[in-house]
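Written below as C-alpha cells is the structure these notes are about.
In what follows, residues are counted from 1 in the order of the sequence shown. As the structure lists them, so they are numbered: ligands from 1, and atoms in each ligand from 1. Only this structure's heavy atoms are used, side chains among them; waters, hydrogens and symmetry mates stay out. Keep in mind the model is a prediction, meaning the values are calculated, not measured.
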Amino acid sequence: MATAFSVRMLLFSSLFLLPISVFSQNNGRVAVGSSITATTGNSSSWLSPSGDFAFGFLPLGGNDLFLLSIWYAKIPDKTVVWHAYEDNNPIVAPEGSTLNLDASSGLVLNNPQGGEIWKSATFGVVANGVMNDTGNFVLQDKNSGSLWETFNNPTDTILPGQTIERNGKLSSKQSESNYAKGWFQLRLQGDGNLVLNTINLPTDFANEPYFATDTTAGTVEGSEGKQLVFNNSGDLFVLRENGGRFILTTAKGVSARENYLRATLDFDGIFALYAHPKTFTGNASWSSPLWYQPVDICQTLLEGAGVGVCGYNSICKLKPDNRPTCECPKGFTFLDPKDLYRGCKPDFIQGCKEDELASPRQDLYDVEVLINTDWPTSDYVQLKPFTADKCNESCFHDCLCAVAVFRSETCWKKKLPLSNGRVDVTLNSQTFIKVRKDNMLENQF
Ligand SMILES: *[C@@H]1O[C@H](CO)[C@@H](O)[C@H](O)[C@H]1NC(C)=O
Ligand SMILES: *[C@@H]1O[C@H](CO)[C@@H](O)[C@H](O)[C@H]1NC(C)=O
Ligand SMILES: *[C@@H]1O[C@H](CO)[C@@H](O)[C@H](O)[C@H]1NC(C)=O
Ligand SMILES: *[C@@H]1O[C@H](CO)[C@@H](O)[C@H](O)[C@H]1NC(C)=O
Ligand SMILES: *[C@@H]1O[C@H](CO)[C@@H](O)[C@H](O)[C@H]1NC(C)=O
C-alpha cells in the first residue's frame, strides 16, 4: 500500500479548517459506487441521519492534508472519534484524494494520481455503507449484516453503544495534534482483565499495567471480563462472563440523550469520560472529565522496562486538574520543545573521560538540590547507613553518578538516563543533581 502520505511522526496543526457541511435529510446510507473527495473549503462527507456524525476528510490545518476520520459534525469542536490507520500511522490524504465505496473492496482511498493509499478489509460483497447515529460507520451485506465497522477497529475513543472484546484495545494519540499511535493503551486482556499500560514504541511491548480492574477468573466461576461495555445510558463497565458487572463509572446523571458522551484514552495516558451538550446557544465545549483513571498517573505509572509518563530525565508533576505535566531538572532541556512528554536531555556531557580531561577537578559541577523528587528505577547502588552530606559527596566524586537521592539514612546513587521521574511529597527526601558548570563541548575546541 502506498504510504507516501501516512507520514510517520507527522505533526499536524491542531487548527482545523472547518469544512462546510451541507446538512440534508438522509438515512445515513451510502450506496456502492459513491465517492467523496478531499477538497479545501468543501470537503464532502457522509453524514449520519441526525447529522451528529460525519465520515470523510477532516482538513488538518495549513498543509492541504486530510485525515480520513469520523467526527462530531454539529459542534464547533470537531473532535475526531475514529480515524483510519495502518500500523502506527494515521491515514492522511492530500487534497484531491478520493474515497470510493466498492462492492468487492469496501472503502478504497486513492490519491489524486489514482494510487491506493488505504482500503478497509472486507470479507464478502458490500451492499451499502451506513453512517450510523451512534458514530459507527458500517459496511453491510445485502442482508444488512455487518462486514466491517469502525466500532470494531477503534482508535483512542469508545462511544455509547460500542463494546471492546477480549484482546481488543484503544491506543492513545502521540500528542493533542499528532494522530500517530502513542505510548498508552487500554486493553481488555485475554484473561478478562481491563488494563491501562504503556508500550515501548516502536514495538508493541506492553509494560506493567498502571491501572487494572482485576476482572480475571479469580475464585468465582465466570468472573473474568468478557467485554468492555459503554452502554447507551453512558455507563462504562466490564461485563463478566457470568453476567456480573464491574462498573468503571456511570454517566453521573448526565443525560446521554441530551449530551454527546465519549470515553477517550488521552495522549497523556488518562482514560476519561467527557460530555458535550448536543444543543446549546453561544459557547459550549467538552466538560472537564466526568470520570477518569488513574487519579495520580505520576505515582501509579512505574515501569521496570519503560521510561514513565514523561520520557527520560524528566519529572512528572500533577497539575491542579490531575493531568500530568513534565519538567526538566536544571541543566536539562526538553528533547522536543513542542512536546513536553518526550523527555529531557542533559545540556552537558557527563562521564569519566570528560571528568579526566577537565581541570581543576573540583570545579566541574554544581549540585542542585531538589526535595521529594525521585527516579525510582535508575539506581545502581544503595549505601546505608549514610548521611545526606556523605551521599552528596559520594555522588560528586563518582564520575558515573548523575544523581543521588537521600532518605531515611539511605543513599541511592543513580545513572543516566533517569526514568520514571516524579515528585512524591510523602518521600521526605533530598535529591542531589550534578550539573556541569561549563559546557564540555566548548572547552574541547
Ligand atoms: C461542493 O462541491 C460539490 C461538488 O463539486 C458541489 O456540487 C457543491 O455545490 C459544493 N458545495 C458548496 C457548498 O460549495
Ligand atoms: C445504529 O444506530 C442505532 C441507533 O441509532 C442502534 O440501535 C444500532 O444498533 C446501530 N447499529 C450499528 C450497527 O451500530
Ligand atoms: C447501562 O448500564 C447500567 C448499569 O449496569 C444499567 O443500569 C442501565 O440500565 C444500562 N442502560 C442501558 C440503556 O442498557
Ligand atoms: C465564549 O468563547 C469566547 C472565545 O473562546 C470567549 O472569549 C468568551 O469568554 C466565551 N463566553 C462564555 C460565556 O463562555
Ligand atoms: C555537595 O558536595 C559538593 C562537593 O563537596 C559541595 O561543593 C556542595 O556544596 C555540596 N552540596 C550540598 C547541597 O551539600
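- For ligand 2, none of its N or O atoms has an N or O atom of E149 under 3.5 Å away.
- For atom 3 (C) of ligand 2, the nearest non-hydrogen atom of the protein is N132 OD1, 3.7 Å.
- Of the possible donor and acceptor atoms, none in the side chain of D379 sits under 3.5 Å from a partner among the backbone N and O of K414.
- Near V138, with a cut-off below 4.0 Å to any heavy atom, the atoms of ligand 2 are 13 (C).
- Any N or O atom pair closer than 3.5 Å counts here, and D133 shares no such pair with ligand 2.
- Nearest heavy-atom pair across G269 and Y210 is O-OH, 2.7 Å.
- Close contacts of ligand 3 with R245, meaning ligand atoms under 4.0 Å from a residue heavy atom, involve 2 (O), 3 (C), 4 (C), 5 (O), 6 (C).
- At a 3.5 angstrom cut-off on N or O pairs, N232 does not count as close to ligand 3.
- Between H276 and W286, the ring planes are perpendicular. Angles over 60° get that label, and only those under 30° would be called parallel.
- Distance alone, capped at 3.5 Å, is enough to place a donor-acceptor pair between the S223 side chain and the T216 backbone.
- Across all non-hydrogen atoms, the minimal contact from D52 to Y260 is OD1-OH, 2.7 Å.
- Closer than 4.0 Å to atom 7 (O) of ligand 2 lies none of the heavy atoms of the protein.
- When only non-hydrogen protein atoms are considered, atom 2 (O) of ligand 3 lies nearest to N231 ND2, 2.2 Å.
- Side chain to side chain, D133 and S48 meet the donor-acceptor criterion of an N or O pair below 3.5 Å.
- When only non-hydrogen protein atoms are considered, atom 13 (C) of ligand 3 lies nearest to S233 OG, 3.3 Å.
- Proximity to T134 (heavy-atom distance under 4.0 Å) selects the following atoms of ligand 2: 2 (O), 14 (O).
- A donor-acceptor pair under 3.5 Å links the side-chain atoms of N231 to the main chain of S233, judged by distance alone.
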Could you go step by step and tell me if S171 and Y85 meet the side-chain contact (heavy atoms from CB on, under 4.5 Å) rule? CA-CA 11 Å; S171 290; Y85 58 91; over 6 Å; no
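- Shown here is K390, whose NZ atom has more than 12 heavy atoms of other residues, nucleotides or ligands within 6.0 Å.
- At a 3.5 angstrom cut-off on N or O pairs, H397 does not count as close to ligand 5.
- Contact atoms of ligand 5 toward E393: 2 (O), 4 (C), 5 (O) (distance under 4.0 Å to a heavy atom of the residue).
- If you number the atoms of ligand 5 from 1 as listed, the ones under 4.0 Å from a heavy atom of V369 come out as 13 (C).
- Looking at atom 4 (C) of ligand 3, its nearest protein heavy atom turns out to be D235 OD2, 3.1 Å.
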